[in-house]
Amino acid sequence: MAEAFDVIVVGGGPGGYVCAIRAAQLGRKTAVVERDKLGGICLNWGCIPTKALLRSSEIWHLMHRLNEFGLSADNLKFDLAKIVERSRKVSTQLSNGVGFLMKKHKITVIAGEARLSSPGKLVVTKDGISTEIEGKNIVLATGARARTLPGLEPDGKLVWGYREAMIPMTFPKSLLVVGSGAIGIEFASFYRTLGSESPWWKCWTACCPSKTRKSRNWRTRPSSGRA
């Protein structure tokens, strides 16, 4: 017999897990179905790990201004693998924190990919094994995905998606970021600051379209170093 819940949330990102917590606080038996890691794209592959990368590039930038602070150092260099490793550890720690919140509020976390099979029923598949669950209320919080441009499908080598850009195996001598949202500009700033010799990004309309005009103008100023 399928396990039954008052509320099932499909997607463990910021929208999904917050919804689940609130449902649990209201006394509902709640479950979250997530096929990857809790926290969603933002926490695992977006704005959180990019901030960790930017912190490393910021320190690298400051290291080249040591003289201004009365300091000096020789043979400055960075270790790309360790920069990426720190970024991933930050994401893992925060994702585990979301898991702790699920346990605290007695929310059942079901790993796998969900599919609506009939009204009020879901089939969750993980490693080829399918399980059916029932919910009086089902919330779809599956988030968004980056658009793939025809002819520019990520191959992990010449063309990267955001995941490849987050965990590069080697540092690119040149790089063009297509996309003018916050994460695109953060990638551009990170790679440029560490020495990538390419144009920063390609904007089809305005950079950071969700920001104010003043913020957009600041971000589009020519710069020889960092954003």
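No side-chain heavy atom of V124 sits less than 4.5 Å from a side-chain heavy atom of S130. Between Y191 and P168 the shortest side-chain heavy-atom distance falls below 4.5 Å.
The CG atom of L43 sits 9.5 Å away from atom CG of L38, with the distance rounded to the nearest 0.5 Å.
Residue-environment remark: CD1 (I129) stays at or below the threshold of 12 foreign heavy atoms within 6.0 Å. Atom CG of D79 is surrounded by more than 12 heavy atoms from other residues, nucleotides or ligands within 6.0 Å. For CD of Q93, the number of neighbouring non-hydrogen atoms (other residues, nucleotides, ligands) closer than 6.0 Å is 12 at most.
The pair R88-E85 does not meet the salt-bridge criterion, since no charged nitrogen lies less than 4.0 angstrom from a carboxylate oxygen. We find that D36 and K126 are not joined by a salt bridge, their nearest charged nitrogen and carboxylate oxygen being 4.0 Å or further apart.
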If you apply the rule side chain to side chain contact (heavy atoms under 4.5 Å, CB included), what do you find for V10 with V139, and how did you get there? CA-CA 6 Å; V10 181; V139 180; over 6 Å; no

Test V177 against W160 for side chain to side chain contact (heavy atoms under 4.5 Å, CB included), laying out the working first. CA-CA 9 Å; V177 178; W160 285 356; over 6 Å; no

I would like to know whether L80 and T170 meet side chain to side chain contact (heavy atoms under 4.5 Å, CB included); could you show each step before the answer? CA-CA 8 Å; L80 183 62; T170 58; 5.5 Å; no

Evaluate side chain to side chain contact (heavy atoms under 4.5 Å, CB included) for I185 paired with I183, printing each intermediate quantity in order. CA-CA 5 Å; I185 290 179; I183 294 177; over 6 Å; no

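Heavy-atom minimum distance, L122 versus S117: N-OG, 4.0 Å. The two residues G39 and N44 come nearest to each other via the heavy atoms C-ND2, 3.8 Å.
Within the structure, ring pair (Phe, Tyr, Trp, His ring centres under 6.0 Å) pairs that include any residue of residues 62-116 comprise W60-H64, W60-F78, F78-F171 (at least two apart or interchain). The stretch residues 7-31 participates, sequence neighbours left out, in these side-chain hydrogen bond (donor to acceptor under 3.5 Å, both in side chains) pairs: R22-Q25.
Residues satisfying the salt bridge (charged side-chain N to carboxylate O under 4.0 Å, His left out) criterion with K51, sequence neighbours excluded, are E186.
A donor-acceptor contact shorter than 3.5 Å links the side chain of E34 to the backbone of G12.
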